[in-house]
Amino acid sequence: MSHKTTAARRRENMSLELPQAVDYFCTSMTLEGKSLETALWHRKKLPAFAQFLQQQGHTLKVKDVRVEDARAFIKFLLERKTRYSAHVLRKEVEGGLAMTTVHGYARSLRTFASWLEREGYTNENILFC
């Protein structure tokens, strides 16, 4: 059995892809006793951030995500001109996202970033220091 140092384990963890980290996060929430609805809520919000990063040509490694990426994502959400794009049940309609919706994305990102730090995937809270 290998006994890696905390720093070595953290470096290895930071090479994790963002979608896999989101999956671990949501599973962890369920195991910690959070409601299934809470885990599903985060599972709906966080992939949009990963998709945004990918569309911007950024890597999806946890170690490469920065607070500037989160700010750019929130700015993108605030500037949207339509709702329900790529929704499976609803047609896309004119009008931006409600401020409560944008705040929900920001809350999900903050919670996720705190979890990444707490679980040793990052050295610090990478999104909202």
Side-chain angles (χ1 to χ4, degrees):
M1 184 167 139
S2 170
H3 295 286
K4 294 181 182 178
T5 66
T6 302
R9 189 173 300 115
R10 187 161 283 167
R11 276 192 304 279
E12 183 178 298
N13 287 344
M14 288 179 73
S15 69
L16 186 68
E17 294 280 335
L18 198 55
Q20 188 66 48
V22 168
D23 187 52
Y24 290 170
F25 167 66
C26 293
T27 300
S28 176
M29 292 189 85
T30 303
L31 294 173
E32 291 172 0
K34 303 286 192 267
S35 74
L36 180 59
E37 290 81 15
T38 299
L40 288 173
W41 185 79
H42 286 288
R43 204 173 284 278
K44 288 178 186 176
K45 300 286 185 202
L46 293 170
F49 179 56
Q51 182 181 18
F52 170 79
L53 291 176
Q54 194 168 35
Q55 288 172 344
Q56 300 299 310
H58 293 288
T59 176
L60 293 181
K61 299 271 188 206
V62 168
K63 69 179 179 169
D64 296 325
V65 177
R66 301 286 175 251
V67 70
E68 293 80 16
D69 298 323
R71 289 177 182 150
F73 176 62
I74 297 302
K75 182 177 185 246
F76 164 77
L77 294 174
L78 288 169
E79 293 174 347
R80 280 184 56 177
K81 304 293 184 214
T82 62
R83 295 181 303 239
Y84 309 116
S85 65
H87 195 281
V88 294
L89 300 175
R90 299 185 86 162
K91 253 176 38 177
E92 188 170 9
V93 296
E94 291 295 317
L97 298 176
M99 193 55 79
T100 55
T101 300
V102 175
H103 284 217
Y105 281 98
R107 278 195 320 273
S108 188
L109 285 171
R110 275 194 302 271
T111 304
F112 178 56
S114 294
W115 177 85
L116 287 170
E117 179 185 17
R118 188 174 63 248
E119 293 294 315
Y121 288 96
T122 60
N123 293 323
E124 60 185 15
N125 188 319
I126 58 174
L127 297 180
F128 295 92
C129 299

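Note that this is a predicted model, so its numbers are computed, not measured.
Using a 4.5 Å heavy-atom threshold, the side chains of D64 and H58 count as separate. Between L116 and F112 there is a side-chain heavy-atom pair separated by less than 4.5 Å. Taking 4.5 Å as the limit, some side-chain heavy atom of Q56 sits within range of a side-chain heavy atom of F52. You'll find the side chain of V22 reaches within 4.5 Å of the side chain of C26, heavy atoms only. Considering only heavy atoms from C-beta on, W41 comes within 4.5 Å of R107 through its side chain. Between L109 and L46 there is a side-chain heavy-atom pair separated by less than 4.5 Å. For the pair K63 and L16, the minimum side-chain heavy-atom distance is 4.5 Å or more.
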_If you apply the rule side chain to side chain contact (heavy atoms under 4.5 Å, CB included), what do you find for M99 with L77, and how did you get there?_
CA-CA 9 Å; M99 193 55 79; L77 294 174; over 6 Å; no
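Connection of M29 to L40 is not established within any shared hydrophobic cluster, with ILVMFWY side chains joined at heavy-atom distances below 4.5 Å, either directly or through further cluster members.
The minimum heavy-atom distance linking L60 with A50 is given by the pair CD2-O, 3.4 Å. When all heavy atoms of T111 and H42 are compared, the closest pair comes out as CB-CE1, 4.0 Å. Taking both residues in full, the closest heavy atoms of N125 and R110 are given as ND2-O, 4.4 Å, listed atom of the first, atom of the second, then distance. Closest approach of K45 to Y105, counting heavy atoms only: O-CE2, 3.5 Å. In plain terms, the two heavy atoms of W115 and A21 that are nearest each other are CZ3-O, 3.8 Å.
The CG atom of L97 sits 11.5 Å away from the CD atom of E79 when rounded to the nearest 0.5 Å. A distance of 5.0 Å separates CZ of R43 from OG1 of T27, quoted to the nearest 0.5 Å. Taking CG of L78 as the reference point, atom OG1 of T101 lies at 11.0 Å (rounded to 0.5 Å). Put simply, NZ on K75 and CD on E68 are 14.0 Å apart, with the number rounded to the nearest 0.5 Å.
Taking the six-membered ring where tryptophan is involved, the planes of Y24 and Y121 are tilted, since the angle between them lies from 30° to 60°.
In the displayed structure, Q20 atom CD is contacted under 6.0 Å by more than 12 heavy atoms of other residues, nucleotides or ligands.
Among F25, F76, F73, the single residue meeting the ring-ring contact (aromatic ring centres under 6.0 Å, His included) criterion with F49 is F73.
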